[in-house]
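Only a predicted model underlies this, so the values are computations on that prediction, with no experimental measurement involved. Sequence positions, counted from 1, serve as the residue numbers for this chain.
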Amino acid sequence: MKISVRVLSLWSTMSLVACGGGGGSSGPAAKPGTVNKQGAASVVTMTGTLKSSLSTGDGASLSGAVTSIGLSGAQQIVQPSTTGALTAVTGALSTPGPNGGTVDCTDTGCVYSQYKSGTTTMNGSVKSATAAGKTTVTSDLTIAAAATAGQMGDVTWKLTGSLDFTDTSIDGELQATAHSTLAAGGQNIAYDYYDLVRYDALVLDAGGKGTGGDIYAKWGITVAGVPQASQAYDGTVTFP
């Protein structure tokens, strides 16, 4: 596994709950950071789970894997050079929702309607469709997490994108964006988050190990009026 990295402005004065990043012309500009091999391996394992769920017709596992990769995959793959990566937290999947709403899962994915677990509410879908030898997994989810004591204010994530699976490779990307406001020092501080995981001709063997292609990851946070607190990181993992 070969690794190349880049990172955005550092920040070490805050501890945040959820954050994100982006690649190419998307999201904040990034500077050199550190790729975590263990985190990258975890994302590959989740990707293998996603691929397996397509062949077994397990829509719930498919939806869960897409959500996990989309909201935390980039932060697992690439981390700040001087501080740990941040992790987005989502509620567990079930039907009906533990605290209201429903999730309707079939063998091709799940549809969420005001699905609520704890303080997290999900709406939208993760679906798959197969045509001409290619299976496309599409995500269009809104995940709203209400503020809890000691954490950020209300956060609403939007998870979009699609992944194409063929017999030989995986291509596509998942992108997550969010906005939150935190009252601090007598003022409201606005935060914008960005996450991106992009697959380029990724090849998995029968055991789910990456044997070709690469995964690009980027996440970032922009703090309005506080440029020294803004940061973003990106990196690429190339297989084998």
Side-chain angles (χ1 to χ4, degrees), residues 17-23 26-27 42-43 46-47 49-54 57-77 86-130 135-148 151-165 170-180 191-199 215 217-221:
V17 174
C19 71
S26 301
S42 177
V43 172
M46 284 192 290
T47 304
T49 298
L50 198 166
K51 184 178 180 181
S52 295
S53 69
L54 292 173
D58 187 345
S61 292
L62 169 68
S63 182
V66 168
T67 303
S68 295
I69 294 169
L71 294 188
S72 68
Q75 297 163 44
Q76 293 187 62
I77 292 174
L86 310 179
T87 303
V89 180
T90 60
L93 303 179
S94 69
T95 181
N99 302 106
T102 59
V103 56
D104 181 15
C105 294
T106 67
D107 58 350
T108 59
C110 295
V111 177
Y112 300 84
S113 178
Q114 292 297 117
Y115 171 93
K116 189 171 184 179
S117 177
T119 61
T120 301
T121 302
M122 301 174 67
N123 284 286
S125 64
V126 175
K127 298 180 179 180
S128 65
T130 301
T135 298
T136 299
V137 177
T138 303
S139 175
D140 185 8
L141 277 178
T142 298
I143 304 170
T148 56
Q151 298 182 355
M152 297 289 295
D154 294 351
V155 180
T156 300
W157 287 89
K158 184 66 177 178
L159 175 58
T160 59
S162 63
L163 301 175
D164 292 329
F165 292 77
I170 304 169
D171 290 275
E173 66 181 42
L174 296 173
Q175 175 179 291
T177 58
H179 179 80
S180 181
Y191 297 83
D192 288 288
Y193 311 102
Y194 188 93
D195 263 67
L196 177 74
V197 178
R198 178 181 298 148
Y199 297 81
I215 302 175
K218 184 178 181 181
W219 61 264
I221 177 172

Cut-off 3.5 Å, side chains only: do T135 and T130 have a donor facing an acceptor? yes

Regarding T136 and D164, do their side chains bring together a donor and an acceptor under 3.5 Å, going by distance alone? yes

Any heavy-atom pair between the side chains of [Y] and [X] that's under 4.5 Å?
X: L174; Y: L163; result: yes
X: V111; Y: K127; result: yes
X: T177; Y: D192; result: no
X: K158; Y: D140; result: yes

Under 3.5 Å, is there a donor-acceptor pair between the side chain of [X] and the main chain of [Y]?
X: T47; Y: V43; answer: yes
X: S53; Y: L50; answer: yes
X: N99; Y: G118; answer: yes
X: H179; Y: V155; answer: no

Could you tell me which non-hydrogen atom of [X] sits nearest to which non-hydrogen atom of [Y], and how far apart they are?
X: A144; Y: T156; value: CB-OG1, 4.0 Å
X: M46; Y: S68; value: SD-CB, 3.5 Å
X: L159; Y: A176; value: CD1-CB, 4.2 Å

Working for side-chain contact (heavy atoms from CB on, under 4.5 Å), residues F165 and S128: CA-CA 10 Å; F165 292 77; S128 65; over 6 Å; no

Straight-line distance of [X] [atom1] to [Y] [atom2], nearest 0.5 Å:
X: S72; Y: D195; atom1: OG; atom2: CG; answer: 8.0 Å
X: T102; Y: Y115; atom1: OG1; atom2: OH; answer: 10.0 Å
X: D107; Y: L54; atom1: CG; atom2: CG; answer: 10.5 Å
X: D171; Y: R198; atom1: CG; atom2: CZ; answer: 11.5 Å
X: L71; Y: Q76; atom1: CG; atom2: CD; answer: 11.0 Å
X: Q114; Y: T121; atom1: CD; atom2: OG1; answer: 6.0 Å

Applying the side chain to side chain contact (heavy atoms under 4.5 Å, CB included) criterion to Y112, which one of I143, D104, L141 satisfies it? L141

Please verify the inter-ring angle class for Y191 with Y193; under 30° counts as parallel, over 60° as perpendicular, anything in between as tilted. parallel

C110 vs V126, test: side-chain contact (heavy atoms from CB on, under 4.5 Å). Steps then yes/no. CA-CA 5 Å; C110 295; V126 175; 5.5 Å; no

